[in-house]
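First up is the structure itself, then whatever we jot down about it.
This structure is a prediction, so every number in the text was calculated from the model and none was measured.
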Amino acid sequence: MNEEILQYLWNFKKFRRFDFVSVDGKNIEILEFGEWNKNSGPDFLFAKIKIDNIIFAGNIEIHTKASDWFFHNHSGNPEFGNLILHAVYINDCEIPELENQQIPTLELKDYIDETLIQKHQNLREEHSFVPCEDLFDKDKIPLFFEEEVLLKKLDFKSEALELSLKKNQNNYEAVLFQQLAYTFGLKVNAEIFLQLAESLDFSVIQKIKQNKVQLEALLFGICNFLDEPKDEMMKVWKREFDFLKVKFNLSEVRINPKFSKLRPPNFPTIRLSQLANLYHSQPNLFSKIIGAKTVDDLYLIFENVSASEYWDNHFNFGKISPVESQKLSSRDFIDLIIINAILPIKYFYQKNHNPEIVDDIFEFYKQLKSEKNSVLDEWKNLGVKFENALKTQAFLYQYKTFCTQKKCLNCSIGFQLLKSHD
């Protein structure tokens, strides 16, 4: 038993019966259970109870044991000055302070169904995937669950984008460039590519984007790839980078992308070249993204983005590959870009400029195919079906923010599973 489940039971009135009697034998009628307070102070505010035909209005404190009153240092705390009831699972001691103020104590143990307690304990036990897997019922997923969870994720992402926008002096294009760099880096190089993007004044990208060689030289040079040229193309890039360093007084910040645990098509060399080509081939990138009405509009922006010709027979500098092929962005990689960079930016921008149409973002997610990974496979094993990226994004975020943290009582699915006890 813990205080969290007691608060849950009190808030949703999950008791065997309601003929409450205080520990000193007085009948207590709960007129209003109060508002659940998640901040400091009593657990429930604005409650009303009746004792001996007298109505008391005020706050209620919930504890697992009465002695928690002392352990939580409530004695003398003015926040608890308007208390009307002390509700505990077990009354293990007397509280003179409350007795002197004639504040009743209600022991809840006999009013609670132990099977409900066991349900909650089962949710919190260690499992191979989610805490509720033994109780999970796909039919208990609430209506519009996916939309609500996705909005939570987008709003959370918007908080980070707001900070980025301030750092970039309200330049949305600079924020977009940094988000794209992060996504192009994939898991292995995401933070490294973001560091690269943040080390640059975006105005430099804008001034040289008509020159693809210079764009690649800029990105490769900051990554320390050009210090020892191994062929003629590397010499060209190094010459251009040395020129750019002087012309734009570039920072001496240098980063070192990782190659380990990556398939060759995902090497940082390929992804940086594709990022350079994107900005070279799409001079009005931000406006096109914001103006896109469908996912197909977004695919048109990214579908022909490839690495430069040098990479047709290379994956790394100076090493010719036996297989020659154009390094185009795959459809799966484009989906990744749209889901993780583009749609959060679109939502964030519309939220700030056209809040009446922010719900349109759902249609973009619905037009994208469902993703595939081990977490989603586990959800599938529990009977969840994924028709599109709206559902996969929702369940991935739910798993990350609720399931792994065991926040079962704050989860709408967990609430329905516990509620089904009735």
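Partners of Lys157 by salt bridge (Lys or Arg N to Asp or Glu O under 4.0 Å), not counting sequence neighbours: none found.
Tyr111 pairs in a ring pair (Phe, Tyr, Trp, His ring centres under 6.0 Å) with only one of the listed residues (Phe15, Phe20, Phe18, Tyr89), which is Phe20. Of the options Ser22, Pro42, Pro104, a side chain to side chain contact (heavy atoms under 4.5 Å, CB included) to Leu85 is made by Pro104 and by none of the others.
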Begin with the C-alpha distance, continue with both residues' side-chain angles, and end with the deciding distance and a verdict on salt bridge (Lys or Arg N to Asp or Glu O under 4.0 Å) for Asp332 and Lys369.
CA-CA 9 Å; Asp332 286 344; Lys369 68 179 183 179; 2.8 Å; yes
Working for ring-ring contact (aromatic ring centres under 6.0 Å, His included), residues Phe267 and Phe259:
CA-CA 6 Å; Phe267 277 2; Phe259 288 80; 5.1 Å; yes
CA sep, side-chain torsions, deciding dist, call: Phe177, Tyr279, ring-ring contact (aromatic ring centres under 6.0 Å, His included):
CA-CA 9 Å; Phe177 175 65; Tyr279 273 86; 5.3 Å; yes
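Here the two rings, on Phe317 and Phe220, have centers that are under 6.0 Å apart. Aromatic ring centres of Trp237 and Phe225 lie farther apart than the 6.0 Å criterion allows.
Defined by atom type and a distance below 3.5 Å, a donor-acceptor pair is missing between the side-chain atoms of Gln367 and Glu363.
Between the side chain of Asn2 and the backbone N or O of Ile5, at least one donor-acceptor pair lies under 3.5 Å. Using a distance-only test at 3.5 Å, with no hydrogens or angles considered, a donor-acceptor pair links the side chain of Asn373 to the main chain of Leu376. Checking side-chain atoms of Asn168 against main-chain N and O of Asn171 turns up no donor-acceptor pair under 3.5 Å.
Side-chain contact between Glu133 and Val130 is present, with heavy atoms from C-beta onward closer than 4.5 Å.
In this structure, Lys13 is not positioned above the aromatic face of Trp10 in the sense of NZ or CZ being under 6.0 Å from the six-membered ring centre and within 45° of the axis. For the pair Arg331 and Tyr299, the cation-pi test (distance below 6.0 Å, angle within 45°) is passed. A cation-pi arrangement is not found for Lys152 relative to Tyr397, the charged atom failing to lie both closer than 6.0 Å to the ring centre and inside a 45° cone about the ring normal.
Salt-bridge annotation for Glu216 and Lys212: absent, with no side-chain N of the basic residue lying under 4.0 Å from a carboxylate O of the acidic one.
Considering all non-hydrogen atoms of both residues, Tyr172 and His353 come closest at OH-CE1, 3.2 Å. The minimum heavy-atom distance linking Val253 with Ile222 is given by the pair O-CG2, 3.8 Å.
Rounding to the nearest 0.5 Å places NE2 of His86 at 9.0 Å from CG of Asp43.
Within 6.0 Å of atom CD in Gln169, 12 or fewer heavy atoms from other residues, nucleotides or ligands are found, so the atom counts as exposed in its surroundings.
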